[in-house]
> 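Submitted below is the structure of interest, expressed as structure tokens.
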There are 2 protein chains.
Amino acid sequence: MDERFKLDNQLCFRLYTASRLITQAYHPLLNEHGLTYPQYLVLLVLWEKDEQPVNDIAKRLLLETNTVTPLLKRMEAEGIVTRSQGKKDARQTIVKLTKKGRDLQNKLTNVPETVGCAVLCESITPETIPGLFGMLDDIINQLQR
Amino acid sequence: MDERFKLDNQLCFRLYTASRLITQAYHPLLNEHGLTYPQYLVLLVLWEKDEQPVNDIAKRLLLETNTVTPLLKRMEAEGIVTRSQGKKDARQTIVKLTKKGRDLQNKLTNVPETVGCAVLCESITPETIPGLFGMLDDIINQLQR
DNA sequence: TATATTTGCATCGTGAACGATATAAATAAC
DNA sequence: GTTATTTATATCGTTCACGATGCAAATATA
């Protein structure tokens, strides 16, 4: 058996699985408030800086606008954000939190810690996290070409 | 600004992004042969051990059968695998590689190395990979409850 | 051996991801 | 000042993920 093709030797499969499982860990916490994980990411971006064009949100999340646009439309339908045409550039769609969208932050205060604790184990501790972050950041930067 | 809600402090966002970007790195290499990344994972499983029931493939990939079943049906339509009813247990669907499916391994020999090289950088080297694998495995095991 | 439960897989509906394409506004080139 | 190009976003089609549900075969229980 060719070692290169062994599933257990694949970095990608580990990243793919870890990403799916941690998203699943978020699911019950977010679903309680009618949110999906990608929608939660959009909220993280808007809580940091409200009123951003679609493109800035997409760039921050390293996603394409064809992924973000329908996602934002669903969030608009839920009354979490508003979408309005940009004033200085009519091509832009400016996304803005509603009161409901801002208030969600208070309702989700326990989420980061709950998920953070869920992943803690032998090798994942407050001391080892920075090293892991650094490696993942390097992978991300490397693949962004 | 609450540090806990900063996007740059989220492990999950890093895993999610790294997973997406590395899957994108596979895309041109696999697409050339009509494969998607999850289909490639199924091939890795079947190349290790042919003729497995749907459930074993799903368990190996930590996916649900409702994800794997339609994926396998598409692979069957492409002539990469066959699906047949199990003999000793009629509930099982046994998945078996076709000649085309087996031959794909030779056509994809360069894929692991190409993607492997694409992620190499400062902190990701043959020496640091085992440590990263260990941390990701720990996260995966921890979240599998 | 009837009945109940479990197991293996499939179907359905929803929400991402993303390549390809379209459209209109803004900007550049001529 | 037209025309061409770029930019910002949206639409469309396909393929995952995955919760919920359905169904038939296998197994356990009565």
Side-chain angles (χ1 to χ4, degrees), chain A residues 12-13 15-28 30-32 34-42 52-78 80 83-95 143, chain B residues 12-13 15-28 30-32 34-42 52-78 80 83-95 143:
Chain A
C12 188
F13 177 58
L15 290 171
Y16 162 80
T17 303
S19 172
R20 282 193 309 105
L21 292 180
I22 197 164
T23 299
Q24 285 176 26
Y26 277 97
H27 186 265
L30 298 177
N31 191 50
E32 195 178 342
L35 291 172
T36 64
Y37 177 70
Q39 289 173 10
Y40 174 68
L41 291 182
V42 169
Q52 294 194 53
V54 172
N55 210 18
D56 289 13
I57 298 173
K59 281 221 173 71
R60 185 85 171 92
L61 298 177
L62 302 180
L63 290 167
E64 302 297 321
T65 61
N66 57 0
T67 297
V68 174
T69 292
L71 201 154
L72 289 170
K73 291 178 86 167
R74 282 186 287 269
M75 293 177 77
E76 184 184 36
E78 295 292 327
I80 298 169
R83 296 163 64 250
S84 58
Q85 196 176 41
K87 287 184 180 90
K88 52 174 207 176
D89 187 335
R91 293 170 302 179
Q92 290 185 331
T93 298
I94 306 295
V95 183
L143 291 172
Chain B
C12 188
F13 176 58
L15 291 172
Y16 162 79
T17 302
S19 173
R20 281 194 311 103
L21 292 181
I22 196 164
T23 298
Q24 284 174 28
Y26 277 98
H27 186 267
L30 298 177
N31 190 50
E32 195 178 340
L35 290 172
T36 64
Y37 178 69
Q39 289 173 8
Y40 174 68
L41 291 183
V42 169
Q52 294 194 53
V54 172
N55 209 19
D56 288 14
I57 298 173
K59 282 219 172 73
R60 184 86 172 91
L61 298 177
L62 302 180
L63 290 167
E64 302 297 320
T65 61
N66 56 1
T67 296
V68 174
T69 291
L71 201 153
L72 290 171
K73 292 177 85 167
R74 281 186 287 269
M75 293 177 77
E76 184 185 34
E78 295 292 328
I80 299 168
R83 295 162 65 252
S84 57
Q85 196 175 40
K87 288 184 180 90
K88 51 176 208 175
D89 188 335
R91 292 170 303 180
Q92 290 185 332
T93 297
I94 307 295
V95 182
L143 291 173

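Not measured: the values here are computed from a predicted model. Note on naming: letters A, B, ... go to the chains in the order of the sequence lines (proteins, then strands), and numbering restarts at 1 for each one. Values below: all heavy atoms of this structure, side chains included; hydrogens, waters and symmetry mates excluded.
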> Would you kindly give the CG-to-P distance between L21(A) and dG19(D), to the nearest whole Å?
11 Å
> Is there a side-chain contact between L15(A) and L15(B), using heavy atoms and a 4.5 Å cut-off?
yes
> Just the rounded figure in Å: distance from P of dA16(C) to CG of L61(A).
12 Å
> Round to a whole Å and report the spacing from CD of E64(B) to P of dT11(C).
17 Å
> So Q39(B) and L71(B), do their side chains get closer than 4.5 Å, heavy atoms only?
yes
> Considering non-hydrogen atoms only, spot the tightest contact between V54(B) and V68(B) and give its length.
CG1-CG1, 4.3 Å
> What are the two closest heavy atoms between G86(A) and I94(A), and how far apart are they?
CA-CG1, 3.7 Å
> Please state how far atom NZ in K87(B) lies from atom P in dA25(D), giving the value in whole angstrom units.
18 Å
> How does protein contact run along nucleotides 5-17 of chain D, one letter per nucleotide 5' to 3', with B for base contact, S for sugar-phosphate only, - for none, heavy atoms under 4.0 Å?
--BSBSB---SSB
> To the nearest 0.5 Å, how far apart are CE in M75(B) and OG1 in T36(B)?
7.5 Å
> Tabulate below the donor-acceptor pairs under 3.5 Å that side-chain atoms of residues 17-28 of chain B make, not counting sequence neighbours, or state none.
unit_1	atom_1	unit_2	atom_2	d
T17(B)	OG1	F13(B)	O	2.8
R20(B)	NH1	L62(A)	O	3.3
R20(B)	NH2	L61(A)	O	3.3
R20(B)	NH2	L62(A)	O	2.8
T23(B)	OG1	S19(B)	O	2.8

> Can you tell me how far P of dC18(D) sits from CG of N31(A), to the nearest Å?
14 Å
